[in-house]
Amino acid sequence: MGRIAVIDFETNGLSPSASCRATEIAAVLVEEGRIVGRYQSLMNANVFVPREIERLTGISNAMLREAPPAARVMREVADFVGDTPLVAHNAAFDRKFWDHELALIGATRRQEFACSLLLARRLLPEAPDHKLGTLGRWLGLPVSGRAHRALADSEMTAHLLVRLQALLAERHGVRRTDHALLCALQKVPAARVADWLAQVR
DNA sequence: TGCCAGGCCCTCTTTAGGGCCTT
């Protein structure tokens, strides 16, 4: 199984724009089922964090005033990740911020995203719901810090990914659980997952 | 001062609506 980079953004809103930007990024490298590298930084994009989002994330405007510039942080995290295939929980969200922040430093994403939310909906349909926090508690995954901070959430997502890969092997007999297979699986209609898994086994 | 989206997926669907997820 190759190396995978799990990322998580904290932001001041839900859709990137001139006033809606990333406020924190974390990336963890996963290899052979273990976390082998970590990057985390607050990032100052000179935007305002509304009070309800400050309550959610614990990231305040005062903290961001002291943070390094967003452009410097994005250059660092892009170097840290390199060409490693990416995973995020609800990747559609993190992908649009990743692409937006990269574009602002004149860079372009070079790899695909797999989505642990889409994979969990297919492989754990019996879960109470598929929020990251719920899945972490339900599966008994390790907690490394405050929820809704980038490093803690990216580590939780990494543990979820490893658990999903183990499920593929143990419950479905799928030994090849690389990033390309995950990207293919997340596009399979939920009703056809069992047949699809039987074919790739 | 404090801005509020969008892809996925199900169904009482497909000429649509609404819940789930992310912050």
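Here is how names work: the chains are called A, B, and so on, in the same order as the sequence lines, proteins then strands, and each is numbered from 1.
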Practice item. Describe, in one word, how the ring planes of A:F80 and A:Y39 are oriented to each other, choosing from parallel (under 30°), tilted (30 to 60°) and perpendicular (over 60°). Key: tilted
Review point. Contact class for A:A88 vs. all strands (heavy atom < 4.0 Å): base, sugar-phosphate, or nothing?
Key: nothing
Review point. Contact class for A:D8 (heavy atom, under 4.0 Å): base, sugar-phosphate, or nothing?
Key: sugar-phosphate
Review point. Reckon A:R121 touches a base, only the sugar-phosphate, or nothing at all at heavy-atom distances under 4.0 Å?
Key: base
Check your understanding: With rounding to whole Å, what would you report as the distance between B:dC3 and B:dG7 at their C1' atoms?
Key -> 22 Å
Check your understanding: Can you hop from A:F93 to A:V81 via hydrophobic side chains spaced under 4.5 Å?
Key -> yes
**Study point:** A:L42 backbone acceptor or donor facing A:E10 side chain under 3.5 Å
**Key:** no
Point to revise | Whole-Å C1' distance, B:dC21 and B:dT1 | key: 29 Å
Review point. When you compare B:dT14 with B:dC9, how far apart are their C1' atoms, in angstrom units rounded to a whole number?
Key: 14 Å
Review point. Which is true for A:D153 with a 4.0 Å heavy-atom rule: it touches a base, it touches only sugar-phosphate, or it touches nothing?
Key: sugar-phosphate
Point to revise | Sub-4.5 Å side-chain heavy-atom contact between A:L161 and A:L182 | key: yes
Check your understanding: Can you give the first and last nucleotides of DNA chain B, 5' to 3', that have an atom under 4.0 Å from a heavy atom of chain A?
Key -> B:dG2 to B:dT23
Exercise for review: For the pair A:R21 (side chain) and A:V47 (backbone), establish whether a donor and an acceptor sit closer than 3.5 Å, ignoring hydrogens and angles.
Suggested key: no
Revision key, fill the gap. Result for 5'-nearest mapping on DNA chain B, choosing between A:V49 and A:G133, is A:V49
Practice item. For B:dC4 versus B:dC8, give the span between their P atoms, rounded off to a whole number of Å. Key: 24 Å
Review point. More 5' along DNA chain B: A:H148 or A:A191, using each one's nearest nucleotide?
Key: A:A191
Check your understanding: With sugar-phosphate meaning primed atoms plus P, OP1 and OP2, does A:T11 contact a base, only sugar-phosphate, or nothing at under 4.0 Å between heavy atoms?
Key -> sugar-phosphate
Check your understanding: What does A:F97 touch in the nucleic acid at a heavy-atom separation under 4.0 angstrom: a base, only the sugar-phosphate, or nothing?
Key -> nothing
Point to revise | Short side-chain to backbone donor-acceptor contact, A:R95 and A:F113, under 3.5 Å | key: no
Review point. Rounding to the closest angstrom, what is the interatomic distance between B:dC12 and B:dG19 at atom P?
Key: 15 Å
Review point. So what does A:D94 touch, heavy atoms closer than 4.0 Å: a base, only the sugar-phosphate, or nothing?
Key: nothing
Practice item. Please measure how far the C1' atom in B:dT23 lies from the corresponding atom in B:dG2, and state the result in whole Å. Key: 15 Å
Exercise for review: State whether A:R171 and A:E126 are salt-bridged, where the test is any N-O pair (Lys NZ or Arg NE/NH1/NH2 against Asp/Glu carboxylate O) under 4.0 Å.
Suggested key: yes
